[in-house]
Amino acid sequence: NNGITRPKGYTVSWHYNPEVEGHHFGQTHPMKPWRLTLTKSLVLSYGMHTAMDSYLSRAATKDEIAEFHKDDYVDFLSIATPQNIYEMYPELATGPQGYSSAIYGVGDDCPIFDGLFRYCSLYAGASVDAARKLCNKQSDIAINWSGGLHHAKKAEASGFCYVNDIVLAILQLLRHHPRVLYIDIDVHHGDGVEQAFWSTDRVMCVSFHKYDREVFFPGTGPLESTGPLHPDNPGKNFTINVPLNDGIDDESYAYLFQNVVDPCIKIFQPTAVVLQCGADSLGHDRLGCFNLNIRGHGQCVSYVKGFGLPLLVVGGGGYTPRNVARAWAHETSICIGADSTLNPELPDHTPYRDAFRREGFTLFPNLSGWRKENMNTKADIERIIKHVRDQLSTIRT
Ligand code: ZL4
Ligand code: CA
Ligand code: ZN
């Protein structure tokens, strides 16, 4: 197994159902469930599955999904098909491209495709299963690369997300854990999770993202957006937003990440952590604009793992599938403590090996020094760190 052994003293579980891979958002839609096929291909060919408990995840039930989502929205998702959608909602046909987003957020970003509800139930079921394994202490680190769909709202699909598996998983964790820390390194703002826990002091949401209110989706998440304004609201100051400019590199990201996450853990004292590892913050991403390398992205996982708290690791965005697979395979190796053992050369027998030809058959191609130069100054970074420190100094646990 390339010298890969089970981690000593802790258990890692991998929650996945390959049935998610077969779903398609549409020809040119950037979200490609196939990236999960590639990820699995690397995890298996490196032999990393032998170091984890692997679970074939089941589909979440409608009742489980309705723990967060509105019943009529869940019903809608469960019956909508590409064939009946225009019959049910003729007004959708009048939208500019195909259909307008007036109904439950459906549109170009969130199309109704074949098997949509099955797809949603599967990725959500995996996150709920993973959270349960952490709750009953059968697992210390639980991984669901098919989850991390952070934009979905109570009754609205948004940004390629229909069911918010992260919210469902956190609700599960809150049954056993007094405080949950949510960290989001996807290049987009984790608005759906933030909104769901906006008014509670039991969940702290921390999102790092590109922020440009006018042009970059979803346009929310400025530094000043820290929770409800009213002093009596328990959620006040329990939301942390880290807005960034284009081109941030590994070094400044790691420095910023550590200087934000460390005080959050010291002051909030979470009893469980959820880490959303959206891989669209890598350089060369089709939708992203950062300059992170696989190692820079993975450093966030290593750092969070270092606190030794029960950890749920989920995927998220990532639109250059081969690099998504590299990042999540590397991060799987970090979870099982095998990152220093792994050969950076991809195994010869990797299925779909040809997908990795472009940058060479390595786990760590150079993804920095791309189109974007780093538009985040040292002063920007220090200002964010100070803002977060000041904000945290107002809360007590
Ligand atoms: C596409 O080619 O910024 C969807 C979406 C579909 C196929 C054919 C339709 C062509 C890029 C994106 C028209 C597409 C118009 N197709 C899309 C304001 C927008 C309205 C919709 O990583 N148009 C919306 C969402 C973002 C917007 C990002 C990130 C998810 C996550 C977690 C979600 N939406 C402008 C765009 C294409 C498409 C090509 C697209 N959509 C790029 N960015 C968006 O955080 C998983
Ligand atoms: Ca983010
Ligand atoms: Zn994203």
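Order of appearance sets the numbers: ligands from 1, and atoms from 1 within every ligand.
- The atom of D186 nearest to the Zn ion (ligand 3) is OD1, with the search restricted to N, O or S atoms.
- When the N, O or S atoms of D184 are ranked by distance to the Ca ion (ligand 2), OD1 comes first.
- Nearest-residue assignment for atom 26 (C) of ligand 1 (options D108, L149, D109, D191; heavy-atom criterion): D109.
- Among the atoms of Q276, no N, O or S atom falls under 3.0 Å of the Ca ion (ligand 2).
- Looking only at N/O/S atoms, D186 comes nearest to the Ca ion (ligand 2) through O.
- Side-chain rings of F76 and Y89 approach one another, their centers coming within less than 6.0 Å.
- Note on F208: counted as a metal contact of the Ca ion (ligand 2), an N/O/S atom lying under 3.0 Å.
- Contacts between Y319 and ligand 1 below 4.0 angstrom, taking non-hydrogen atoms only, involve the side chain exclusively.
- Here P30 has side-chain heavy atoms under 4.0 Å from ligand 1, and that is the only part of it that gets that close.
- In this structure, R326 forms no cation-pi arrangement with F356, as its terminal cationic atom is not both closer than 6.0 Å to the ring centre and no more than 45° off the ring axis.
- Of the candidates K133, E67, E64, V128 forms a side-chain contact (heavy atoms from CB on, under 4.5 Å) with just one, namely E64.
- Residue contacts with ligand 1 for D186 involve side-chain atoms from C-beta outward but no N, CA, C or O (heavy atoms, distance under 4.0 Å).
- Every atom of ligand 1 is numbered from 1 in the order shown, and the set under 4.0 Å from a heavy atom of H188 is 22 (O), 28 (C), 29 (C), 31 (C), 45 (O).
- Under a cutoff of 6.0 Å and an axis angle of 45°, R353 and F361 form a cation-pi pair.
- H29 has its ring centre less than 6.0 Å from the ring centre of F160.
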Check your understanding: Would N144 and S127 satisfy side chain to side chain donor-acceptor pair (under 3.5 Å), going step by step from the backbone distance to the final call?
Key -> CA-CA 6 Å; N144 171 22; S127 284; 2.9 Å; yes
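- For atom 32 (C) of ligand 1, the nearest non-hydrogen atom from the set H150, M31, H209, Q276 belongs to H150.
- In terms of distance to the Zn ion (ligand 3), the nearest N, O or S atom of D280 is named OD2.
- When each of V74, L168, L149 is tested with V163 by the rule side-chain contact (heavy atoms from CB on, under 4.5 Å), just one qualifies, namely L168.
- Linking ILVMFWY side-chain heavy atoms closer than 4.5 Å, directly or via other members, places F113 and Y123 in a single hydrophobic cluster.
- Between E21 and R35 there is no salt bridge, since no side-chain N of the basic residue sits under 4.0 Å from a carboxylate O of the acidic one.
- Nearest-residue assignment for atom 43 (N) of ligand 1 (options D184, L287, D280; heavy-atom criterion): L287.
- Atom O is the N, O or S atom of H188 at the shortest distance from the Ca ion (ligand 2).
- The minimum distance between the Zn ion (ligand 3) and any N, O or S atom of H188 involves atom ND1.
- For the pair K378 and Y255, the cation sits on the ring face: its NZ or CZ lies under 6.0 Å from the ring centre, inside 45° of the axis.
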